[in-house]
There are 2 protein chains.
Amino acid sequence: MTGNTRPGGRTARVRGAVLQAAGDALAEHGLAGLDLADVARRAVVGKTTVYRRWGTVAGLVADLLLDMAEQSLPRADTGSLAGDLRANARLVQRTLSDPRQGALFKAVIAAATSDPRTAEALHGFYRTRIREWAPCVDLATARGEVPAGTDPDEVIRAVSAPLYYRLLASGDPVDEAAADTAAEAATAAARAGVFVR
Amino acid sequence: MTGNTRPGGRTARVRGAVLQAAGDALAEHGLAGLDLADVARRAVVGKTTVYRRWGTVAGLVADLLLDMAEQSLPRADTGSLAGDLRANARLVQRTLSDPRQGALFKAVIAAATSDPRTAEALHGFYRTRIREWAPCVDLATARGEVPAGTDPDEVIRAVSAPLYYRLLASGDPVDEAAADTAAEAATAAARAGVFVR
DNA sequence: GTCATAACGGTGCTCCAGTTCCGTTTAGTC
DNA sequence: GACTAAACGGAACTGGAGCACCGTTATGAC
C-alpha cells in the first residue's frame, strides 16, 4: 500500500500491529463496527498514523487482504481428483468456519461490495488461490479421470462456491458434511464433462 | 417492522417512498455510501421520520429485504430437471447481473455480515426462495431422473451458489454461460447421487 | 362531523469520526 | 556518529450523522 521508501523496522512494526488490530476488530464487530480510532488504540499507535497511511476503512481492509494473500495454502496431492478436491473443500471449510477467519472473510467481502479497490484486491486474492489449486485438475485430466479440455479454474471455483453461499447468503452451517458434498458435486460434474471449455 | 397500529394511506405511502429511495441509493453508492438523510431527501420525507421508524441503516435494509421477499419468483416446469434448473439459474443470473438488483443484493448481503437481524431476514429470504423451487427436484425424483432420497434444497442451493460466488468473491462475470454451467453441474451431481441425504 | 392520537416534519443541538498542524522520533546514508 | 527526511504521535479543530424537542397533519373510531 505505502511505505516503499522506508520499509525499515518501525514502519513494518506499525503496519503489522495495525493489521493485526484491524483483523481483531473486524472479527469482533464486523465491518460496520470498524472505527479507525479504535484500531489505532488497539495497535498502540497514533490515530493520525492510521489515517495517514490507510485513509479509509476500505483502504485498510484492502491492505489486510494483501497481507492474507501472502499466506498461501499449499495444494494437496492425494492421487485422485476426488481426494484432492475434498482436501481443498475441507481447507476452505475450516477457514470459513473458524470464528476469527470466517468473520474476517465476511468483512472483507462486505467491504469489497462498496469499494472498487478492495474488490480488485479480493479478486486478485481468489485468482491466486485458484491458480494454486488448478494443477490438481490438470493431473486428473492427464490421468483420464475427467475429459480433456476440462477448465481447471471452473472446477476449483465449483468446490468453494457452495461454502461461500452458505456463509454469506443462506446461513446454513459451513461444516465438514457441506465441504464433502461440495467436493463430491464438483467431482461428479467434472467427470460428466460439464466444465469442458 | 412498524406501523401495525395505523397502516393507512400516509404511513404506507411513506414506507413505499423510503424503501424505493433506499433501494436507489444502495444501487448507486453501495452500502458504505448509504446516508439516511439522503434517503429522506430522495423520498421527500422528513429526516426525522426515517430515523424514528427505521433507526439504523441495518434496520432499513432488513425492512427492504422483507419487501423484496414478498415478490416471489414463480417456479418453472419444463418437464425435465435439467430444464427446470436451467430456468432457475437464468432467473438468478438475470437478477444478479441487473445493475440495480445486483447492486441491491450485494448491499443487502454486506449489511447482513454485520447485523444479526438483517442476517436473519436474509436467511428467511433464501429459505422462501429455495422452498419455492424445491418441488422441481421432487418431480425429478418421482420421474426417476435422480436417485430416491435426493435433498431438494441442496440441489437448488447448488444452482445458485456458483453465481453468488462470482458476484461476491471471484468477480468473474455472472453471464448466461455461467448460469448454464451451474445448472448442468447441479444436474450432473444430482444424477450421480451426491445430494442423497 | 368531531375527537383522540399515531405519525409526520422542521429546527437546533450534540458528539465524534476524520482532518490539520506541528513538534518528535527513527530509518537510511555517507 | 552526524545528517536528512520519512514516518510517527499528541492536541486542537471541524463537519455532518444522528438525536431531541415540539408543533402540525392525517388516520381511524364513534
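Just so it is clear: chains get the letters A, B, ... in the order the sequence lines come, proteins before strands, and each one is counted from 1. Hydrogens, waters and symmetry mates are skipped; everything else that's a heavy atom, side chains included, is used.
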CG of D38(B) versus P of dG15(D): gap in Å, rounded? 20 Å
Options dA17(C), dG10(C), dA7(D), nucleotide nearest the side-chain atoms of T48(B): dG10(C)
Salt bridge R157(A)-D172(B), side-chain N to carboxylate O under 4.0 Å: yes
Using only side-chain N and O atoms of Y51(B), determine if any of them is under 4.0 Å from OP1 or OP2 of dG18(D). yes
Send over the distance from L36(A) CG to dC16(C) P, rounded to a whole Å. 16 Å
Do K47(A) and dG18(C) have a side chain to base donor-acceptor pair shorter than 3.5 Å? yes
Can we say R86(B) and E176(B) salt-bridge, meaning some charged N sits less than 4.0 Å from an Asp/Glu carboxylate O? no
Donor-acceptor pair under 3.5 Å, T56(B) side chain vs dG18(D) base: no
Residues D98(A) and R94(A) bridged, charged N to O under 4.0 Å: no
Would you state whether a donor and an acceptor, one from the side chain of R52(B) and one from the base of dG9(C), lie under 3.5 Å apart? yes
In whole Å, I'd like the distance from the CZ atom of R42(A) to the P atom of dG9(D). 18 Å
The helix from dG1(C)-dC30(D) to dC30(C)-dG1(D): angle between terminal helix axes, five bp per end, to the nearest 10 degrees, reads 50°
If Ile, Leu, Val, Met, Phe, Trp and Tyr residues are connected whenever their side-chain heavy atoms lie under 4.5 Å apart, and connections chain through other members, are F195(B) and L139(B) in the same group? no
Using the ring of each side chain (for Trp, its six-membered ring), is F105(B) parallel, tilted or perpendicular to Y126(B), with breaks at 30° and 60°? tilted
